[in-house]
Amino acid sequence: MSTHPSDAVWPIPVRGTRPATPDPALVAELARVSSATACAKLHADGVRRTFVQGPVPLVDGHRVTGVARTLQFMPQREDVATGLGQEDVEKHTALWEVLEVVEPGDVLVVQAFGSPFSGCFGDMLVRYFQRKGGAGIVVDGYIRDAPRVRQLGVPIWCRGTTPHYASQSELFPWAYDVPVAVGGVLCLPGDLVVADDDGAVVVPAGKAAAVVAEARDHEEWEVFSRQRIDEGARLSDYYPLTRATRAEYEQWRRDGR
């Protein structure tokens with residue numbers, strides 16, 4: 001039975017390759033888009049599985065947009081890796097290594113199968129992630145040291161909290177910068193993540209510019225629609241816009257609102 005990754009029958013951690021970082025201006029523009037709008041625009045464009053089902057904000061009111069840095073947990077198998085030895089073993093795994101390659105603005109997206117027995121991150125690791133400039137964490141699993149982690153202010157989406165450390169029970173930090181499955185969604189390294197109180201949405205890197213363009217128009221006409229509805233207009237006329245109310249909206253824009 002192996003207790004150290006270097007003794008394993010399969011070489012771990014597995015290290016993938018992260019694609020080039022998207023244009024920072026594009027990321028900044030996407031940061032103005034809500035998760036609901038991003039999800040809706042991707043759905044209209046044919047990309048239907050983008051909402052990371054399960055993880056919720058650890059602290060209400062947080063939001064984050066950034067480039068996905070991925071971390072993959074896998075089931076333990078005694079001849080490959082176990083949690084025996086706790087941090088002495090874990091510090092030679094993908095969990096420690098990914099923190100060393102985190103870049104400012106990254107959102108760490110973690111495949112953990114929703115396991116309530118794996119505290120994927122705790123106070124010290126989140127603290128180090130913050131020091132490296134990480135923007136937020138979306139983990140399809142649980143975290144530990146919740147009171148201290150909340151005090152750090154790092155935006156985190158998770159399924160809940162647990163007293164377990166990361167490899168205590170059934171999972172082991174396996175790989176980073178590889179494709180991961182989180183809440184039923186595929187996330188590739190270099191994709192973008194938009195997360196707020198509604199949840200986390202994965203925006204494929206190649207779709208981000210289109211989402212920004214379409215969302216800008218959508219959110220502008222919603223301002224107009226709210227105003228008309230507050231004035232007593234019928235919902236069906238203004239949400240969504242009809243051909244006639246779209247023309248009214250365009251005139252509203254030309255008139256400077």
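On a predicted model such as this, the values are computed, not experimentally measured, just so you know.
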Distance, nearest 0.5 Å, that separates [atom1] of [X] from [atom2] of [Y]:
X      : Y      : atom1 : atom2 : result
Asp237 : Thr242 : CG    : OG1   : 6.0 Å
Leu125 : Trp96  : CG    : CH2   : 4.5 Å
Asp45  : Lys207 : CG    : NZ    : 4.0 Å
Phe224 : Arg246 : CZ    : CZ    : 10.0 Å
Trp10  : Asp79  : CH2   : CG    : 12.5 Å
Ile12  : Thr93  : CD1   : OG1   : 8.0 Å

For the side chain of [X] and the backbone of [Y], is there at least one donor-acceptor N/O pair under 3.5 Å apart?
X      : Y      : value
Ser225 : Tyr238 : yes
Gln53  : Gly184 : no
Lys132 : Glu100 : yes
Thr70  : Val178 : yes
Gln72  : Trp174 : no

Under the rule for salt bridge (charged side-chain N to carboxylate O under 4.0 Å, His left out), what residues qualify as partners of Asp197, not counting sequence neighbours? none
For Cys120 and Ala112, which heavy atoms make the closest approach, and how far apart are they? SG-CB, 3.6 Å
Shortest non-hydrogen contact from Pro22 toward Val67: CD-CG2, 3.7 Å
Can you confirm whether Leu108 sits close enough to Tyr176 that some side-chain heavy atom of one is under 4.5 Å from a side-chain heavy atom of the other? no
Does any non-hydrogen side-chain atom of Trp157 lie less than 4.5 Å from one of Val107? no
Does Val139 belong to the same Ile/Leu/Val/Met/Phe/Trp/Tyr cluster as Val56, with side-chain heavy atoms less than 4.5 Å apart forming each link? no
For the hydrophobic clusters of this structure (ILVMFWY residues joined by side-chain heavy atoms under 4.5 Å, transitively), does one cluster hold both Leu42 and Val185? no
Assess the side chains of Gln151 and Arg148: does a donor N or O sit below 3.5 Å from an acceptor N or O? no
With a 4.0 Å cut-off, would you call Glu220 and Arg216 a salt bridge? no
When you check the gap from the basic side-chain N to the acidic O, do Arg228 and Glu248 get nearer than 4.0 Å? yes
Reference residue Arg18; test salt bridge (Lys or Arg N to Asp or Glu O under 4.0 Å); the match among Asp177, Asp106, Asp191: Asp106
